[in-house]
Amino acid sequence: MNKEKLEQNQGTRKVSRSVLLGAAFLMATSSIGPGFLTQTTVFTQQLAASFAFVILISLVLDVFAQINVWRIIAVSGLRGQEIANKVLPGLGIVLAVLIVMGGLAFNIGNVAGAGLGLNAMLGVEPITGAIISAAFAIFIFIVKEAGKVMDKVAQAAGFIMILLMLYVAFTTSPPVGEAIVNTVWPEQISIFAIVTLVGGTVGGYITFAGGHRLLDAGVKGIESLPEVTKSSVTGIVVTGIMRVALFLAVLGVVSQGLAIDPDNPPASVFQLAAGDIGFRMFGVIMWAAAITSVVGAAYTSVSFIRSFHPAIEKYHNWVIILFILVSTLTFAFVGRPVNILLLVGALNALILPLALGTILVAAYKKEIVGSYKQPIWLTIPGAFVVIIMGVLGIITLIEQIPLLFK
């Protein structure tokens, strides 16, 4: 009897570890999309070894943003929009609309990236590749254990991307010593690069991806906080490993004086590093990055409207499938609507400060968190991220709106 009970407990711990790792990789792979690859390549070109400092600072800010959000979701047992509505009635609806709009618009780009990935990998036409990729993503949500399948796909894709990226970084022989020195003593600092990386890594729907996944898996309550915190940090660490590996690969190419193609910077890096095989490897990485972002964007965006109507809660997997279909059809028949992407991109810059600010207020409301006491060492850095990202988000919005009328 004791042996049977012990085996059951071990099985529960195993499932728990799998869920925690799945949530971490869902958050990480959601942030590692086509934009991630391009941003890292372009900023490394501009800043060279100094980009190491940007990566370090952005990762520190990312960690505090994610720990705050994941912990309050776990403690309250509520999704982001439900927390926001308790902080201020109606705020959850505003947050949900922003996230769904942002998730849908950027999913058009993710679907496009998946099509380009298959094109580079297998020579498939981009639109055909996008449709094949969308069918793969939809299949994940058709199967009975969709959550478990999503976790496994995110983990497998994450490991494949990291291994391939590390291989390319090794082949380019980057000046690692120079990069280490610049991590703590940079020759130049770019605030814009830091803000872009933070927004791209934990902004928009990504802020809540892992926290909502844990909640759906039943991981909640004050007793779960150590595991929740560990999972959130793991997600950022995975993202950091990928960012550093890609940075070193690009740095190796740049330090050799090789010219990177401005039309497709990340693909150019892989081709310069490893020839035609490198280009095929880029296709694998681009597809893995894009398809996991498609899944993460659809899953998290729909999680923000699940509580608005019983029918959405009951058929949420079918709503996720509809979300992916709309993204794919828009790309197939319209392309990437530039004006919409510009506007939503600007609005997306405001989601992180709004969401994190709301979470920090909720952390001190007993009707939301009960007896939980929020550590001040989490609140102060979190508030700093809110202020910095809020100011720069407003500046971005002011800059982008006039572009819509040109």
Side-chain angles (χ1 to χ4, degrees), residues 19-20 22-33 61-87 91-104 106-107 147 150-151 154 198-220 224 228-229 231-236 239 292-308 312-313 316 319-320 323 347-363 368-369 382 385-386 389:
V19 168
L20 292 169
F25 271 86
L26 177 66
M27 174 265 140
T29 54
S30 291
S31 69
I32 303 168
L61 296 177
D62 291 345
V63 165
F64 283 110
Q66 286 291 272
I67 290 178
N68 273 295
V69 172
W70 288 39
R71 285 171 69 96
I72 301 306
I73 288 174
V75 168
S76 65
L78 302 170
R79 296 190 183 96
Q81 73 275 21
E82 296 167 326
I83 293 172
N85 273 333
K86 283 184 172 291
V87 170
L91 182 59
I93 295 173
V94 173
L95 190 59
V97 168
L98 287 173
I99 283 181
V100 171
M101 282 176 57
L104 188 59
F106 285 110
N107 228 23
M150 182 172 63
D151 290 345
V198 172
T201 307
V202 294
Y205 66 88
I206 303 166
T207 310
F208 296 94
H212 281 196
R213 174 67 192 114
L214 289 181
L215 198 61
D216 289 344
V219 181
K220 58 184 178 180
S224 71
V228 170
T229 302
S231 182
S232 65
V233 174
T234 300
I236 297 298
T239 307
T292 49
S293 293
V294 168
V295 170
Y299 169 81
T300 310
S301 296
V302 172
S303 75
F304 264 82
I305 58 174
R306 280 177 62 171
S307 60
F308 290 166
I312 300 175
E313 178 66 41
H316 68 273
V319 179
I320 292 171
F323 190 95
L347 291 173
N348 205 48
L350 296 175
I351 293 177
L352 178 59
L354 175 64
L356 183 54
T358 301
I359 290 292
L360 292 177
V361 172
I368 297 175
V369 298
V385 175
V386 169
M389 295 301 293

Do [X] and [Y] come within less than 4.5 Å of each other through their side chains, counting heavy atoms only?
{"X": "Thr292", "Y": "Ile32", "answer": "no"}
{"X": "Phe64", "Y": "Leu356", "answer": "no"}
{"X": "Phe208", "Y": "Ile83", "answer": "no"}
{"X": "His316", "Y": "Ile305", "answer": "no"}
{"X": "Ser301", "Y": "Phe323", "answer": "yes"}
{"X": "Val319", "Y": "Arg306", "answer": "no"}
{"X": "Asn85", "Y": "Leu78", "answer": "no"}
{"X": "Leu95", "Y": "Gln81", "answer": "no"}

Rounded distance (nearest 0.5 Å) linking atom [atom1] of [X] with atom [atom2] of [Y]:
{"X": "Ile236", "Y": "Ile67", "atom1": "CD1", "atom2": "CD1", "result": "8.5 Å"}
{"X": "Phe25", "Y": "Thr239", "atom1": "CZ", "atom2": "OG1", "result": "9.5 Å"}
{"X": "Ser76", "Y": "Arg71", "atom1": "OG", "atom2": "CZ", "result": "12.5 Å"}
{"X": "Thr358", "Y": "Ile368", "atom1": "OG1", "atom2": "CD1", "result": "9.5 Å"}
{"X": "Glu82", "Y": "Leu215", "atom1": "CD", "atom2": "CG", "result": "7.5 Å"}

Candidate pair Lys220 and Val75, rule side chain to side chain contact (heavy atoms under 4.5 Å, CB included), full reasoning
CA-CA 6 Å; Lys220 58 184 178 180; Val75 168; over 6 Å; no

Side-chain donor or acceptor of Ser293 paired with backbone N/O of Ser31 under 3.5 Å
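Not a single qualifying donor-acceptor pair exists.
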
Distance-only, no hydrogens or angles: does the His212 side chain make a donor-acceptor pair with backbone N or O of Gly80 under 3.5 Å?
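Yes, because the side chain of His212 sits within donor-acceptor range (under 3.5 Å) of the backbone of Gly80.
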
What is the minimum heavy-atom distance between [X] and [Y], and which atoms define it?
{"X": "Asn68", "Y": "Leu360", "result": "OD1-CD2, 3.4 Å"}
{"X": "Gly296", "Y": "Leu26", "result": "CA-CD1, 3.9 Å"}
{"X": "Ile206", "Y": "Ser30", "result": "CD1-O, 3.9 Å"}
{"X": "Val228", "Y": "Ala74", "result": "CG2-CB, 3.8 Å"}
{"X": "Val385", "Y": "Leu352", "result": "CG1-CD2, 4.3 Å"}
{"X": "Ala23", "Y": "Leu214", "result": "CB-CD2, 3.5 Å"}

Audit row: Leu91, Leu354, side chain to side chain contact (heavy atoms under 4.5 Å, CB included) steps and yes/no:
CA-CA 10 Å; Leu91 182 59; Leu354 175 64; 4.0 Å; yes

Ignoring hydrogens and geometry beyond distance, is a side-chain donor-acceptor pair present between Asp216 and Tyr299 at under 3.5 Å?
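Judged by distance alone, the side chains do pair up.
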
